[in-house]
> 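Structure in structure tokens, see below.
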Amino acid sequence: MEKFKKIDSITLKFIAVIAMLLDHMCYTVIEGNVWMTWVGRIAFPIFAFLIVEGYFHTKNVKKYALRLLIFALISEIPFNLMMSFSVINPYQQNVYWTLLIGLLVIWVIDKPFNELVHAKNQIERSQKMVRLVIIGFVAIAGGCMAGLIGFTDYNYWGVLTILMFYLLRGKTYLQLIALALINNFMGGMEYVYTIFGFEQTFPVQLMAIFAMIPIAMYNGEKGYESKAVQYGFYAFYPLHMLLLFLLMAF
């Protein structure tokens with residue numbers, strides 16, 4: 001299996017960015033090409049996976065969260081323009097907010113989770129379990145509520161996807177099953193087809209499970225990266241949405 005792990009985090013980012021671009025182009029300047037939306041479904045799971053990997057590899061979680069916050073603010077107007085031709089749209093916020101909320105949730109629960117794992121005896125384990133359940137419930141419920149009330153992209157399903165990749169880190173097959181369940185219940189666009197005269201529907205969001213192919217090939221390495229490349233990926237999100245808006249407007 002190890003011989004198939006050829007993809008570093010930079011390559012994963014490129015795959016996610018291309019998938020996201022195709023998805024957004026289908027909704028804006030090249031409408032009707034449904035296959036682009038199908039491909040686009042793999043983008044968010046990869047970004048969610050990379051948030052978790054970024055959490056474990058960053059030297060400073062506070063700075064990581066601050067970067068997400070800054071680009072969430074920068075991206076809001078381009079996102080609103082692309083989605084609704086409006087500068088302000090209180091009913092839908094860009095995906096950076098979802099990624100930020102997910103990062104904060106796993107940051108809060110990580111310490112009590114590790115304390116439970118390293119508990120020395122049954123009594124200590126029971127105490128740590130109670131602490132984890134309380135903190136975990138508050139953090140997860142708060143994160144999901146923030147995604148729902150804040151109308152962030154993928155809302156609480158997005159937060160749960162990030163949490164899933166954290167809790168099942170390294171367990172590829174379980175991640176696949178969990179990702180399938182999350183995206184099956186997420187709802188959204190359905191593909192309608194007919195078999196033997198009977199109309200059937202397939203949730204397009206379920207195509208997100210194919211994100212597990214590149215994720216399973218991840219080798220745990222960062223790959224080539226510089227500050228320019230790092231911030232280039234961050235900046236691509238608002239810039240490409242602004243460009244798509246301009247193409248639609250003019």
> Who passes side-chain contact (heavy atoms from CB on, under 4.5 Å) against V87, sequence neighbours left out?
I77, L81
> Which residues pass the side-chain contact (heavy atoms from CB on, under 4.5 Å) test with P214, not counting sequence neighbours?
I7, L12, I15, I46
> Please determine whether side-chain contact (heavy atoms from CB on, under 4.5 Å) holds for the pair K13 and L50, giving the CA-CA distance in whole Å, both sets of side-chain angles, and the decisive distance to 0.1 Å.
CA-CA 8 Å; K13 289 177 184 177; L50 288 171; 3.5 Å; yes
> How are the rings of W157 and F185 set relative to one another: parallel (under 30°), tilted (30 to 60°) or perpendicular (over 60°)?
parallel
> Can you name the side chain to side chain donor-acceptor pair (under 3.5 Å) partners of R67, sequence neighbours left out?
Y234
> Can you run down the salt bridge (charged side-chain N to carboxylate O under 4.0 Å, His left out) pairs that involve residues 34-43, sequence neighbours left out, and say none if there aren't any?
D23-R41
> Please list, chain by chain and in numerical order, all residues satisfying salt bridge (charged side-chain N to carboxylate O under 4.0 Å, His left out) with E76, sequence neighbours excluded.
none
> Identify the two heavy atoms, one from Y218 and one from S9, that lie closest to each other, and give their separation to 0.1 Å.
CE1-N, 3.7 Å
> With sequence neighbours left out, which residue pairs that include part of residues 146-170 fulfil the salt bridge (charged side-chain N to carboxylate O under 4.0 Å, His left out) condition?
E53-R169
> What distance separates T172 OG1 from I177 CD1, expressed to the nearest 0.5 Å?
11.5 Å
> Give me the ring orientation class for H240 and F236: parallel if the planes are under 30° apart, tilted from 30 to 60°, perpendicular past 60°.
parallel
> Which pairs, with at least one residue in residues 175-184 and sequence neighbours excluded, count as a salt bridge (charged side-chain N to carboxylate O under 4.0 Å, His left out)?
none
> May I ask you to decide if N89's main-chain N or O and Q92's side chain share a donor-acceptor pair within less than 3.5 Å?
no
> Quick check: closest heavy atoms across V159 and I101, and the distance to 0.1 Å?
CG2-CG2, 3.7 Å
> Do the side chain of N33 and the main chain of W35 share a donor and acceptor less than 3.5 angstrom apart?
no
> Kindly write out the residues that satisfy side-chain contact (heavy atoms from CB on, under 4.5 Å) with V61, not counting sequence neighbours, or none if the list is empty.
Y55, T58, W107
> Could you tell me if the side chain of K222 sits less than 4.5 Å from the side chain of H57, heavy atoms only?
no
> For the residue pair V105 and A139, what are the closest heavy atoms and their distance?
CG2-O, 3.6 Å
> List for me each residue that meets ring-ring contact (aromatic ring centres under 6.0 Å, His included) alongside F151, sequence neighbours excluded, and say none if there are none.
Y91
> Measure the spacing between CG of L247 and CG of L242 and express it to the nearest 0.5 Å.
10.0 Å
> Show the nearest heavy-atom pair for residues Y64 and G54, with the distance to one decimal.
CE2-C, 3.5 Å
> Once rounded to the nearest 0.5 Å, what's the spacing between atom CE of M129 and atom CZ of F113?
9.0 Å
> Return the minimal non-hydrogen interatomic distance between L104 and A65, and the atom names on each side.
CD2-CB, 4.3 Å
> Hey, could you give me the CZ/CG distance between F210 and L176, rounded to the nearest 0.5 Å?
9.5 Å
> F79 and Y96: aromatic ring centres closer than 6.0 Å?
no
> Looking at every heavy atom in both L179 and A208, which two are closest together, and how far apart are they?
CD2-O, 3.5 Å
> Which residue pairs satisfy the salt bridge (charged side-chain N to carboxylate O under 4.0 Å, His left out) criterion with at least one member in residues 119-138, sequence neighbours excluded?
E115-K128, E115-R131
> With L239, which residues qualify under side-chain contact (heavy atoms from CB on, under 4.5 Å), at least two apart?
A235
> How long is the straight-line distance from CD of Q205 back to OG1 of T37, given to the nearest 0.5 Å?
10.5 Å
> Using links of under 4.5 Å between side-chain heavy atoms of ILVMFWY residues, direct or through other members, which residues join V130 in one cluster?
I134
> Can you measure from CD1 (I106) to CD1 (I162) and round to the nearest 0.5 angstrom?
7.5 Å
> Are I70 and L73 side-chain neighbours, meaning at least one heavy-atom pair lies under 4.5 Å?
no
